[in-house]
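First the structure, in the form of structure tokens, and then the observations on it.
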Amino acid sequence: MSISIWIIPAIILLILLTATYKRVPTYEKFVEGGKEGIDIAISLLPFLIGMMVSIAIFRASGAMEAFITLVKPLTVLLGMPEEILPLALVRPLSGTAALGMTSELIKTYGPDSFIGYLASVMQGSTDTTFYILTVYFGAVGIKKMGDALKVGLAADMIGIIASIIVVTILFS
Amino acid sequence: MVNIIWSLLAVVGIVFAAFNGTMEEVNKAIFSTIDDAIMITLTMMGVLIFWLGLTRIAEEAGLLRGLAALFRPVVQRIFPDIPKDHPAMGYILSNMTANLFGLGNAATPMGLKAMKELKQLHGKDTASRSMITFLAINTSSVTLIPTTVIAIRMKYGSVDPTAVVGAAIIATTISTTGALLIDRYFYWRRYRRGAE
């Protein structure tokens, strides 16, 4: 953990020393490059608001919970622990919701239990696909995502299955 | 597909709320989410300005080119459509490196820069092959050390908070490899249809 405090300052140091050595006007370039950040962030807003509101409606209405209850029997059939299912389903949709569920699972079952390990590994080895696609495509104004969504969701599924198998082998 | 999923989430939610008696929650959620999105964007703007400023210096100093040259053999194979020495390579590699070290907030700005370069390369406002591959890697999360999870485990008194690091690396490697294979498969399907 203590190493992580050093990484960012070390990167800044490396960049500034190299640039100064190569006579790059550092401050001027920083301001120039930084300006681009404003445009990117602003152009992102419609994409982010659109996607986040739609997901929020689905969640707040209780439909998400109902959906989870609906598919629960299916996962038991596949040998997946049912406590973990809500997390697996929510992980690609909402980062904050998934993080909340992971904390809840770790708190309820204990960090060093099977469920605790599984929630940790699942949270750590997958990402919020919808959010990433929204932000990355939104920043450059691409509305047609092509196969990206299918590929992303398939990758999530593989990540979840891989987590279950790896944790089962290593921790049970 | 995005249009359908996007509409479906909202429509199903509203209809469900009508029967479930949760319309008030839905109303609240709509407006609080708009505020959240603005807050996220503002925070992200600061992070973007900071990292894109630093990245510009790194670029001028030749550091991104150096990073790209170092990993060229591997990355060229994953992204066959990106010409050698194209600036997109440098950004893609910075994004992957930042992700690997768990520097999520540095990874996003570099990733967005990479997307900008890829869009210029593609010249259209549809997703290109390289973009899909790049996002497949990003959504499958290439992280060596899941810092957030370790923090949660510490908070709830784990005897060994970092015990999951090894397992997470294995799971991440499998899901990233899987993502790349699926991406190749979808590319092959588009190619066969004559779409690419």
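Letters go in sequence order (proteins before strands), and every chain restarts at 1.
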Where on [X] is there a heavy atom nearer than 4.5 Å to chain B: the side chain, the backbone, both, or neither?
X: A:Ile11; value: side chain
X: A:Val53; value: both
X: A:Leu16; value: side chain
X: A:Ile38; value: both

Is [X] close to chain A through its backbone or its side chain, or both, or neither, when contacts mean heavy atoms under 4.5 Å?
X: B:Thr148; result: side chain
X: B:Thr55; result: neither
X: B:Phe50; result: both
X: B:Asn138; result: both
X: B:Ile38; result: both
X: B:Asn99; result: neither
X: B:Asn27; result: neither
X: B:Lys119; result: side chain

Requested in this report: May I ask you to decide whether A:Arg91 forms a salt bridge with A:Asp156, counting only side-chain N to carboxylate O separations under 4.0 Å?
Outcome: no

Exercise. Run the salt-bridge test on A:Lys29 and A:Glu32 with the 4.0 Å N-O cut-off and return the result as yes or no.
Key: yes

### Query
Is it the case that more than 12 heavy atoms not belonging to A:Phe67 sit under 6.0 Å from its CZ atom?
no

Next on the checklist: Less than 4.5 Å apart, side chain to side chain, heavy atoms only: is that true for B:Leu118 and B:Ile82?
Outcome noted: yes

Any heavy-atom pair between the side chains of A:Met122 and A:Leu87 that's under 4.5 Å? yes

Before you tell me yes or no, could you show the steps for B:Lys116 and A:Ile40 under side-chain contact (heavy atoms from CB on, under 4.5 Å), namely the whole-Å CA-CA distance, both residues' side-chain angles and the distance that decides it to 0.1 Å? CA-CA 10 Å; B:Lys116 259 190 149 175; A:Ile40 293 184; 4.3 Å; yes

Going through the checks in order, is the side-chain contact (heavy atoms from CB on, under 4.5 Å) test met by B:Ile132 and B:Arg190? CA-CA 12 Å; B:Ile132 299 175; B:Arg190 290 197 299 274; 3.7 Å; yes

For residues 59-78 of chain B against chain A, heavy atoms under 4.5 Å, the residues are B:Glu60, B:Ala61, B:Leu63

- Message: Whether B:Arg192 engages the ring of B:Trp188 as a cation-pi pair (distance to the six-membered ring centre under 6.0 angstrom, angle to the ring normal within 45°) should be assessed.
- Response: yes

Residue from B:Met115, B:Met44, B:Lys28, B:Lys124 scoring the most non-hydrogen pairs under 4.5 Å with chain A is B:Met115

Greatest number of non-hydrogen atom pairs under 4.5 angstrom with chain A, of B:Ile137, B:Ile182, B:Asn20, B:Val12, falls to B:Ile182

